[in-house]
2 protein chains.
Amino acid sequence: MARIVMKFGGTSVGDVDRIKNVARRVKAEVDAGNEVAVVVSAMSGETNKLVAYCREIAPLHDAREYDAVVATGEQVTIGLLALALQEIGVNARSWMGWQIPIRTDGAHSKARITEIETDDLIRRMQDGQVAVVAGFQGIGPDNRVTTLGRGGSDTSAVALAAALKADICDIYTDVDGVYTTDPRIVAKARKLDKITYEEMLESASLGAKVLQVRSVEMAMKHGVRVQVRSSFSDAPGTIICDEEEIVEQELVSGIAYSRDEAKITLVKVADRPGVAAAIFGPLTAANINVDMIVQNVSHGGGATDMTFTVSKGDLDRAVKVLAEKKGELGYEDLWADANVVKVSVIGVGMRSHAGVAQTMFQALSAKGINIQVISTSEIKVSVLIAEEYTELAVRALHTAYGMDAA
Amino acid sequence: MARIVMKFGGTSVGDVDRIKNVARRVKAEVDAGNEVAVVVSAMSGETNKLVAYCREIAPLHDAREYDAVVATGEQVTIGLLALALQEIGVNARSWMGWQIPIRTDGAHSKARITEIETDDLIRRMQDGQVAVVAGFQGIGPDNRVTTLGRGGSDTSAVALAAALKADICDIYTDVDGVYTTDPRIVAKARKLDKITYEEMLESASLGAKVLQVRSVEMAMKHGVRVQVRSSFSDAPGTIICDEEEIVEQELVSGIAYSRDEAKITLVKVADRPGVAAAIFGPLTAANINVDMIVQNVSHGGGATDMTFTVSKGDLDRAVKVLAEKKGELGYEDLWADANVVKVSVIGVGMRSHAGVAQTMFQALSAKGINIQVISTSEIKVSVLIAEEYTELAVRALHTAYGMDAA
């Protein structure tokens with residue numbers, strides 16, 4: 001017997017038949033003797049419809065009213081799922097955020113969970129009642145409904161699992177787990193049985209869209225074991241857990257890539273103290289995030305080249321901001337390139353093994369792929385290359401690290 | 001300056017443009033210096049959609065979960081209307097039933113309001129903030145969302161007006177007031193400036209569908225002045241108020257009719273004590289309401305004829321129930337007739353004036369209309385006639401009581 005939290009996203013509860021299917025999956029866990037809480041999203045399309053109403057009425061809207069409107073999507077799903085469970089003989093009741101309550105801070109439309117009261121829930125779960133909980137929502141200090149921001153239901157599920165001290169938080173989705181890389185690119189990609197929080201966090205921030213970054217951060221902070229698994233099959237998924245739980249740690253757990261990158265090079269910037277702050281200050285002020293940064297060795301004459309990346313959507317604005325500051329920064333030329341991709345090798349194993357980066361550089365070189373920028377952290381190596389080489393690079397790296405399925 | 005409650009139904013808030021239109025009407029009241037609370041229904045069609053989801057999942061559903069689902073319709077509208085008000089510079093915020101709170105009993109899906117806490121609302125209204133309140137919903141003793149039953153938003157508005165001690169409760173609808181009779185039948189029907197609670201209550205229970213019966217009962221009980229008026233024009237509507245407020249009381253205020261009637265006659269029932277109980281007991285047990293009842297003078301031999309009406313939808317079941325009891329009741333024959341209509345003349349003035357019924361009988365007789373059953377109360381006379389005479393009878397009575405517009 002275990003205490004589990006099950007989370008189903010909008011696609012899994014997209015219509016009445018799918019809600020009934022979710023009910024059957026929940027029943028199977030109950031029949032197996034488990035204590036179950038279920039967290040659900042709005043039926044797919046509903047949140048977008050509600051957001052569109054708000055935008056149509058008020059382009060710059062009061063986030064408190066926006067939250068009151070969009071939180072209704074999850075409220076519909078919890079009632080319907082509770083009914084579907086009752087219909088197949090499962091004792092169940094619905095819980096809105098304010099009823100539990102799931103307390104959040106007052107940052108409407110992007111609130112953070114501060115506390116979840118669980119005494120009543122646990123007592124009922126021990127009595128065999130399934131708690132059907134609205135994801136994405138909570139209640140703020142002003143007694144008004146808050147929402148956690150898009151994708152917040154993953155965070156709701158992990159936070160609830162932490163508060164309930166659940167044995168596992170099963171995130172049901174339309175993929176059946178976390179893969180060594182994108183299976184659409186690499187046919188031999190393998191599903192991982194387990195992956196560490198740190199690796200998952202790097203994957204999420206590097207563009208793999210399986211889980212919200214915030215939910216992984218929260219799982220790591222509270223030590224919640226999370227399983228990513230398919231809504232449509234019974235196969236085990238991928239468990240995200242502590243490093244200690246993974247007996248045979250692989251050197252590299254995955255290859256991620258992100259096409260949402262653009263590169264800017266400022267040619268012959270004055271090489272003097274404070275120049276980096278002078279460049280990145282105005283970008284930060286314009287709310288533009290800078291990712292990889294490389295400063296080349298000085299040219300003669302006290303000048304240097306500065307290369308960095310921004311997201312593709314920010315490129316035009318970034319170029320405009322820097323052009324306006326040209327006199328002040330004193331650079332000779334500005335090169336912008338949107339045809340780049342960031343490819344990353346991730347693995348906690350590389351902390352204790354040298355040569356991981358070297359394998360990457362050799363594999364890319366063997367395919368004639370030029371590396372434009374390199375950036376590293378404790379558990380990943382990222383390189384920026386021309387976008388046209390994306391698939392070739394990912395496949396080459398997958399093979400080079402011995403990850404191809406047999 | 002006055003304190004007013006404005007109520008808008010589903011058609012009035014049916015899309016974004018209509019919600020903006022409602023916001024402009026509310027702004028006009030605010031600009032006139034009034035303290036305003038607005039009660040709204042779900043956007044038209046939404047409640048039906050949500051009810052259909054519930055029925056599809058569970059034909060016999062848990063009313064608590066049903067309430068959680070259907071209450072979302074009003075929650076969407078309050079958020080959107082608050083946004084629309086803010087957008088045109090009006091200070092406004094939304095209130096769900098549980099936030100105020102509007103407390104109800106625990107009869108989910110048909111709850112009754114027991115208490116509304118208004119201190120915070122009144123303070124904010126006095127500070128110039130418009131309270132946008134979800135109709136149709138409240139919170140039960142179990143801390144779960146309740147709904148008041150279909151059409152409950154009228155009741156919410158009147159109850160809120162009573163709790164706020166509002167000067168008036170304006171019910172905005174798609175008609176511009178209460179008429180002397182159905183304008184679709186009588187072209188010369190007149191809009192009434194005022195009508196008493198008692199008359200409105202009779203009209204509502206006799207089939208005029210302007211207001212929910214419960215909301216009129218509540219208005220009468222708490223002395224709330226209610227105005228029925230059009231969402232689409234600025235013309236004054238009809239005020240429902242105490243008899244004392246109506247200076248020139250007319251003898252008859254309206255002619256109502258209801259086609260939802262069916263007549264049953266039991267021929268030659270044994271004329272002995274307890275026979276009425278023996279007939280109507282099984283009908284009550286089958287949840288069939290009986291309306292008009294007439295017992296004719298005895299035939300020879302200790303037998304009598306018993307005639308009564310039920311709603312058309314209950315006719316087949318009533319006949320079945322009575323057929324099963326034929327042996328016990330010992331009647332000779334059962335005649336059923338669904339082609340009947342109940343026409344009623346209503347007016348508090350008839351309390352102090354004789355001859356109102358006589359005018360009715362003469363007017364119908366002059367048109368050759370046969371009266372099948374008569375029933376009277378202090379302020380109304382109802383007759384059952386063949387359905388084909390409906391329009392003829394209503395027009396003749398409207399003329400006979402001098403109600404035709406010039």
**Request:** Report yes if the side chains of B:V224 and B:M218 come closer than 4.5 Å at any heavy-atom pair, otherwise no.
**Result:** no

Practice task
Kindly indicate, with the supporting measurements, whether the criterion side chain to side chain contact (heavy atoms under 4.5 Å, CB included) is fulfilled by A:I4 and A:C169.
Solution key: CA-CA 6 Å; A:I4 62 177; A:C169 178; over 6 Å; no

So, the part of A:V145 with a heavy atom under 4.5 Å from chain B: the answer is both

Closest heavy-atom pair, B:A157 versus B:V39, reported as atoms and distance to 0.1 Å, is CA-CG2, 3.9 Å

If you tally heavy-atom pairs under 4.5 Å between each of B:V132, B:I19, B:L83, B:V76 and chain A, the highest tally belongs to B:L83

Sequence neighbours excluded, the answer for side-chain contact (heavy atoms from CB on, under 4.5 Å) partners of B:A37 is B:V5, B:M125, B:A131, B:L160, B:L164

Can you check whether chain B and chain A share any donor-acceptor pairs under 3.5 Å, and give the atom names and distances if they do?
from	atom 1	to	atom 2	distance (Å)
A:D62	OD2	B:Q86	NE2	2.8
A:E65	OE1	B:S94	OG	2.5
A:E65	OE2	B:S94	N	3.0
A:A68	O	B:Q75	NE2	3.0
A:Q75	NE2	B:A68	O	3.0
A:Q86	NE2	B:D62	OD2	2.8
A:S94	N	B:E65	OE2	3.0
A:S94	OG	B:E65	OE1	2.6
A:Q99	NE2	B:N143	O	3.2
A:N143	O	B:Q99	NE2	3.2

Between B:L148 and B:I113, the two heavy atoms sitting closest are CD1-CD1, 3.9 Å

Residues 110-165 of chain A vs ring pair (Phe, Tyr, Trp, His ring centres under 6.0 Å), sequence neighbours excluded, gives none

Applying a strict 4.5 Å limit to non-hydrogen atoms, the region of A:I139 in contact with chain B is side chain

Under 4.5 Å to a heavy atom of chain B? For A:A92 that would be backbone

Of A:A71, A:G73, A:G79, the largest count of non-hydrogen pairs under 4.5 angstrom with chain B goes to A:G79

B:I102/B:V133 under side chain to side chain contact (heavy atoms under 4.5 Å, CB included): CA gap, chis, key distance, verdict: CA-CA 10 Å; B:I102 295 176; B:V133 177; 4.1 Å; yes

Inset, instruction - Might you work through the side chain to side chain contact (heavy atoms under 4.5 Å, CB included) test for B:L81 and B:F8, ending with a clear yes or no? - result: CA-CA 11 Å; B:L81 180 56; B:F8 295 89; 5.6 Å; no

